[in-house]
Protein chains: 2
Amino acid sequence: MLDVAILGLLMDRDHHGYEIRSQLRERLGDSESVSFGSIYPALARLERHGLVEAVAPAAPRSPAISTGSLAGERASLRTLRTSAGLGRRSRKVYRITERGRQEFHALLADPTTVDDGRTFSLRVALARYLTPALRVRLLERRRQDLLERLAEVRQGADNPDLDAYARSVMSHAAHSVELDLEWIDDLLSIERSDSETFAQEAK
Amino acid sequence: MLDVAILGLLMDRDHHGYEIRSQLRERLGDSESVSFGSIYPALARLERHGLVEAVAPAAPRSPAISTGSLAGERASLRTLRTSAGLGRRSRKVYRITERGRQEFHALLADPTTVDDGRTFSLRVALARYLTPALRVRLLERRRQDLLERLAEVRQGADNPDLDAYARSVMSHAAHSVELDLEWIDDLLSIERSDSETFAQEAK
DNA sequence: ACGTCGATATATCGAAGTGATATGATGAAA
DNA sequence: TTTCATCATATCACTTCGATATATCGACGT
């Protein structure tokens with residue numbers, strides 16, 4: 001899951017570890033922040049597998065300071081640290097590789113992994129990288145799972161064995177799943193109207 | 001988190017590992033099932049710490065078959081397996097200890113741990129074991145967290161840098177948090193009206 | 001009577017994630 | 001000028017996950 005998230009962010013542009021954490025919340029809507037204890041090992045892992053690569057510390061806003069040699073890079077690193085706005089501790093910036101892009105598409109579309117709320121939201125947030133057909137499949141798969149879950153929690157909400165608090169949890173879970181279902185149905189109807197528009201244009 | 005959940009279930013009655021998993025979903029509303037790979041180690045850990053203890057395989061529905069000796073227990077185990085309804089592989093039933101009860105209350109009320117959606121729901125499902133004051137504190141703490149989260153996701157929903165899918169995720173997250181807040185406000189108003197009733201009765 | 005499927009049940013293993021902690025630089029405020 | 005908040009990487013012990021192995025029983029079809 002984290003792999004897809006990181007690769008997805010890197011599809012857009014290069015990032016360093018610390019930034020990935022905030023982007024995960026801001027762009028991919030991750031509610032419970034992923035800890036640094038998973039991000040840095042994940043980045044190391046992805047690099048080991050050749051899916052991402054460390055970029056030589058990029059030139060700061062002010063262009064053309066260093067252009068390549070090892071000594072030059074070291075100098076630019078020092079420059080980077082003290083130069084306007086971009087200081088802080090030296091960043092390790094990562095770029096996605098071609099193999100990384102392939103793996104990203106494969107992971108994102110993989111139908112064998114069952115989505116929980118978190119991975120599903122992640123996938124939707126990255127849905128522009130899926131084909132329309134794969135998007136619909138993703139949404140309909142989740143829809144089925146939620147319908148099953150809805151039946152479960154509704155039963156719990158009516159279970160007289162449970163005390164008022166437990167029943168309240170169940171009943172709120174039911175409302176929450178209902179809201180999720182409405183969302184998915186909205187997304188599905190958008191997908192369908194988009195494909196209609198497409199069909200009409202082709203006509 | 002899993003510790004509180006297991007202890008909470010054992011407060012009610014004895015359970016074996018397999019059963020705990022289903023009860024977690026049915027009684028405590030846990031959406032993403034906890035795997036056996038965490039339940040059995042957790043049970044072993046709790047036993048090591050003296051918070052739970054393994055019970056001699058309980059007598060089946062039909063009462064009074066064995067009453068104590070080692071030989072008797074072994075016999076009852078065999079009986080258990082082949083007797084009506086309760087067969088299957090031999091179960092390992094756990095009971096909560098006195099120290100376990102103390103620890104349960106401490107963990108449930110612990111204000112230092114920050115609740116995510118899962119642990120919060122768990123705590124509410126077990127809220128009957130909290131005092132009214134601790135219940136209100138739990139609810140208000142979560143309310144604050146959600147208000148902050150709401151501001152974040154609303155910003156994301158309006159962020160023109162994001163594509164329609166990512167914005168949709170953010171906007172749905174906002175609606176979801178709003179629903180959570182309504183739930184919490186309901187629970188809070190119930191707590192308050194309960195304490196009023198209580199005050200009036202005392203009068 | 002036979003096989004085999006699905007549910008019940010415990011257990012273990014490697015890989016991944018968490019939460020805490022260490023380290024240190026920088027900019028802003030007190 | 002010290003000190004505080006934020007930025008940034010890293011590691012550690014412990015917990016959790018997902019897959020897999022093992023085994024028993026009831027039900028179902030053939």
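Numbered from 1 within each chain, the chains take letters A, B, ... in sequence-line order.
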A/Y18 and A/F36 aromatic ring geometry - parallel, tilted or perpendicular at 30°/60° bounds: parallel
Nearest-angstrom distance from the residue atom CE of A/M1 to C1' of C/dT18: 14 Å
B/Y40 side chain near C/dT10 phosphate (N/O to OP1/OP2, under 4.0 Å): yes
Between D/dT15 (C1') and A/E32 (CD): distance, integer Å: 16 Å
CZ (A/R128) with more than 12 external heavy atoms under 6.0 Å: yes
Interatomic distance, A/D3 CG vs C/dG17 C1' [rounded to whole Å]: 12 Å
Side-chain donor or acceptor of B/R123 paired with backbone N/O of B/L138 under 3.5 Å: no
Per A/R91 side chain, nearest of listed nucleotides D/dT9, D/dT16, C/dA9: D/dT9
Which pairs would a plain distance check flag for residues 38-53 of chain A, meaning a side-chain donor or acceptor within less than 3.5 Å of a matching protein atom at least two apart in sequence or in another chain?
residue, atom, partner, partner atom, Å
A/S38, OG, A/S35, O, 2.8
A/S38, OG, A/S35, OG, 3.4
A/R45, NH2, A/D3, OD1, 2.7

Sugar-phosphate only, base, or nothing, as touched by A/G17 at under 4.0 Å among non-hydrogen atoms: sugar-phosphate
A/E140, CD: over 12 other non-hydrogen atoms inside 6.0 angstrom: yes
Whole angstrom value for the distance that separates P of D/dT9 from CD1 of A/I6: 12 Å
Interatomic distance, B/Y94 OH vs C/dA11 C1' [rounded to whole Å]: 11 Å
Distance below 4.0 Å between B/S38 side-chain N/O and D/dC17 OP1 or OP2: yes
Interatomic distance, B/D14 CG vs C/dA9 P [rounded to whole Å]: 15 Å
Between P of C/dT10 and CD1 of B/I39, the distance in whole Å: 10 Å
Interatomic distance where CZ belongs to A/R21 and P belongs to D/dT6 [whole Å]: 13 Å
Of B/D116 and B/P41, the one whose closest DNA chain C nucleotide lies more 5': B/P41
Cation over ring face, B/R142 and B/F120, 6.0 Å, 45°: yes
Minimum-distance nucleotide to A/K92 side chain [options: D/dA8, D/dA10, D/dC17]: D/dA10
Nearest-0.5 Å distance that lies between atom CZ in B/R154 and atom OG in B/S171: 10.5 Å
Rounded (10°) bend between the five-pair end axes of the helix from C/dA1-D/dT30 to C/dA30-D/dT1: 30°
D/dT16 OP1/OP2 closer than 4.0 Å to side-chain N/O of B/R45: yes
Residue mapping more 5' on DNA chain D - nearest nucleotide basis, B/R48 or B/F36: B/R48
OP1 or OP2 of C/dT10 under 4.0 Å from side-chain N/O of B/Y18: no
